[in-house]
Amino acid sequence: MSDSAASVDSLKTKVPAKTIGDITVPSPVFSCRDVDVFYGDKHAIKKVNIDIARQQVLAMIGPSGCGKSTFLRCLNRMNDTIVGARVEGQITLDGQDIHEKRQDVVQLRARVGMVFQKPNPFPKTIYENVAYGPRIHGLAANRGELDDIVNQSLRRAGLWEEVKDRLNQPGTSLSGGQQQRLCIARTIAVNPEVILMDEPCSALDPIATARIEDLIDELRESYAICIVTHSMQQAARVSQRTAYFHLGDLVEVGETNKIFTNPQAKLTEDYITGRFG
Amino acid sequence: MSSTNNSAVKSAAETQQQVRNSLARRYRAERRFRFYGFAAVTAGIAFVVFLFGTIFAQGLSVFQQSYVKLEVFYDPETIDPAGNRDPDDLVVADYQALVRAALREEFPQVEGRPNLRELYGLMSSAASIELQRAVTANPDLIGQRQTLWLLADDTIDMVLKGNVSRQAREDERRLSDQQIGWLNALEQRGDLDLRFNRSFFSNGDSRDPEQAGVRGALIGSLLTLLITLLLSFPIGVGAAVYLEEFAPRNRLTDVIEVNINNLAAVPSIVFGLLGLAVFIGFFGMPRSAPLVGGFVLTLLTLPTIIIASRAALKAVPPSIREAALGMGASRLQMVGHHVLPLALPGMLTGAIIGMARALGESAPLLMIGMVAFIVEVPQGIVDPATALPVQVFLWSDLPERGFVERTSGAIIVLLLFLLLMNATAVWLRNKFEKRW
Ligand SMILES: Nc1ncnc2c1ncn2[C@@H]1O[C@H](COP(=O)(O)OP(=O)(O)OP(=O)(O)O)[C@@H](O)[C@H]1O
Ligand SMILES: [Mg+2]
């Protein structure tokens with residue numbers, strides 16, 4: 001314990017001054033230091049330093065194309081799958097570098113679940129979509145347990161009532177918003193420690209959005225959650241910390257109520273008050 | 001501010017007028033395009049109809065053959081003089097004598113060697129082979145009488161089918177006036193008729209048109225294609241999956257990619273030469289064997305299947321891969337559970353194209369000796385065999401009139417085979433294709 005605290009302290013000295021606010025938190029689940037992401041020559045994320053706390057929601061906001069999704073994808077190494085993408089710097093999950101050889105990427109992604117910006121259900125049945133994760137990770141001993149997991153996950157994602165009679169229909173036959181909730185159900189079915197959500201509510205109506213926000217609130221009690229959103233209200237409602245990205249820079253990070261009531265950086269203030277973007 | 005707006009932005013009416021002006025041109029272009037398309041399709045259909053029309057017109061007659069009804073006496077004096085029914089003796093007995101005796105019974109008035117020889121010429125030599133088969137299968141026939149439809153000579157067949165005129169001068173046909181007379185007599189008695197041509201489907205090749213069948217070539221093609229499919233589909237799909245999903249992108253894989261694309265364009269005869277040098281020359285495999293034919297056609301179809309399979313893999317949306325990986329699926333699970341099922345229909349299409357090409361290939365098979373004259377129907381993948389297109393090529397080269405219809409008949413069989421194969425593949429593809 002003291003060891004990890006010391007390492008955080010030593011890292012602190014390397015933090016450049018440019019990010020305003022408190023990038024560190026006590027006993028973080030994720031700790032990112034000097035993270036750079038390049039797509040070929042394009043420098044998409046520039047020396048980002050941030051900690052992600054347990055049992056908290058971190059909201060990431062910023063204008064379109066500023067690198068929110070890119071940063072999110074670093075956390076479960078989804079950028080590995082993009083040809084030409086290069087991630088530099090150090091990202092630790094529970095003190096262990098996720099880029100280390102020892103880190104198994106399959107295990108990492110089971111621990112760090114992700115809901116993508118565009119709903120991407122598998123072209124299989126609704127049931128199979130949710131059952132897929134538990135099945136490949138061997139989380140259910142028998143069909144009954146699997147049924148329970150599917151049932152629970154769909155309920156928590158607020159989709160159960162709409163699909164309970166059509167679990168054997170293709171997941172792609174659902175509406176866009178339903179597909180997004182299906183993807184959320186699929187992600188929470190494997191019980192990850194961290195959930196990354198890339199604009200999970202962009203295709204949802206206010207009722208479904210409220211349902212997801214409730215779910216996020218509920219999940220926060222056991223998981224760490226990172227959510228990218230374009231809605232200031234949503235960020236203010238669901239998150240405890242907020243990070244503001246701008247053209248690949250992490251401009252400001254801090255407690256949500258502070259960021260929204262009293263932003264320190266001019267860029268943050270402009271964005272939040274709607275004078276920007 | 002407003003003045004710049006006015007000069008830059010046209011009025012709605014003006015814009016609509018411009019749209020209207022362009023409409024006519026756009027519709028004209030579309031009509032022109034439709035016409036070209038329609039003309040191309042019509043021409044294509046016309047050619048296909050012409051092709052099928054000529055082939056069927058020439059080839060359909062092969063499904064019938066002239067048979068003569070004879071009452072055969074299985075004379076023990078002739079075929080079993082020792083009376084012990086020894087199978088070895090029965091095989092080599094003189095069955096031709098039985099046919100001749102039956103013919104003499106049919107036309108008792110014919111006398112003299114030259115006349116009798118002409119009379120015997122009415123029947124195919126296959127007639128005695130059929131009697132031999134019957135007796136060896138059932139020796140109890142000896143001493144009995146039996147009425148049989150036996151294969152007539154191809155010269156008779158050609159007259160009966162109207163390919164050679166009965167009125168033609170004697171020196172313009174291969175039958176004498178006397179033989180034409182017997183033929184007419186037999187026909188009047190109802191003892192000469194066109195019946196379903198069994199031997200075309202049960203025999204291998206022969207020098208006698210009336211005995212030549214496609215079975216040997218058909219089985220040869222079937223065995224060859226079976227080997228081709230069993231090798232090229234798994235290897236092709238495996239190679240495509242590896243190259244597309246697992247292989248690193250570097251100079252080596254670039255070189256491999258370019259080479260595969262080039263291989264697809266290599267003339268097929270080159271693959272035949274390669275097969276001759278490697279499989280027969282180096283590994284000492286048998287000549288004319290479907291096994292080697294299958295190997296060579298595998299080399300030929302692999303590039304096609306690999307290219308089609310890679311295209312099918314590329315067409316799977318990346319979001320599906322991301323979803324699978326994001327759930328913590330390993331790469332192999334991602335491919336096996338999500339990508340392959342979606343790509344399979346496209347891969348099957350590639351396999352159809354590849355196999356159809358393989359079925360129609362003759363040049364590479366010539367190089368490895370599958371062009372030999374082979375009477376026996378192959379029983380296994382190392383027996384000497386030929387293939388349907390090679391059989392077509394062989395028959396098309398022979399002078400006898402009877403081989404003309406056999407050439408077309410073999411083409412019909414080849415086309416039906418192709419149709420059957422494609423139908424199976426389309427059925428498979430539809431089965432795997434998920435429309436969601
Ligand atoms: N696969 C890629 N290849 C090349 N460049 C990319 C790729 N993905 C993203 N980028 C670039 O990286 C930058 C950040 O993209 P990113 O998707 O992270 O933005 P974002 O903040 O999520 O935007 P939005 O709010 O619109 O989703 C953009 O300029 C984008 O053009
Ligand atoms: Mg994004």
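Values in this document were obtained by computation on a predicted structure and should not be read as measured data.
With B:V335 as the fixed residue, the side-chain contact (heavy atoms from CB on, under 4.5 Å) test singles out one of B:R321, B:E245, B:E244: B:E245.
Listed for the A:K68 side chain is a donor-acceptor partner under 3.5 Å among the backbone atoms of A:G62.
Across B:A323, B:G326, B:S319, the residue that shares the most heavy-atom pairs under 4.5 angstrom with chain A is B:A323. Of the listed residues (A:R186, A:M114, A:K118), the greatest number of heavy-atom pairs within a distance under 4.5 Å of chain B belongs to A:R186.
Ion pairing between A:D80 and A:R77 holds under the 4.0 Å rule for side-chain N and carboxylate O.
Both the backbone and the side chain of A:V106 come within less than 4.5 Å of a heavy atom in chain B. Of the atoms belonging to A:R73, it is side-chain heavy atoms, and not backbone ones, that fall under 4.5 Å from chain B. Contact of A:P121 with chain B is made through the backbone alone, with heavy-atom distances under 4.5 Å.
For the residue pair B:T301/B:R357, the side-chain donor-acceptor check at 3.5 Å is not satisfied. A side-chain N or O of B:Q17 and one of B:R20 form a donor-acceptor pair less than 3.5 Å apart.
Residue B:F35 places its CZ atom among 12 or fewer non-hydrogen atoms of other residues, nucleotides or ligands, all under 6.0 Å distant.
The aromatic rings of A:Y132 and B:H337 sit perpendicular, their planes meeting at an angle over 60°, well past the 30° parallel limit.
Heavy-atom neighbours of chain B within the stretch residues 138-163 of chain A, taken at a separation under 4.5 angstrom, are nonexistent.
A cation-pi geometry, defined here as NZ or CZ lying under 6.0 Å from the six-membered ring centre and within 45° of its normal, does not hold between A:R54 and A:F30.
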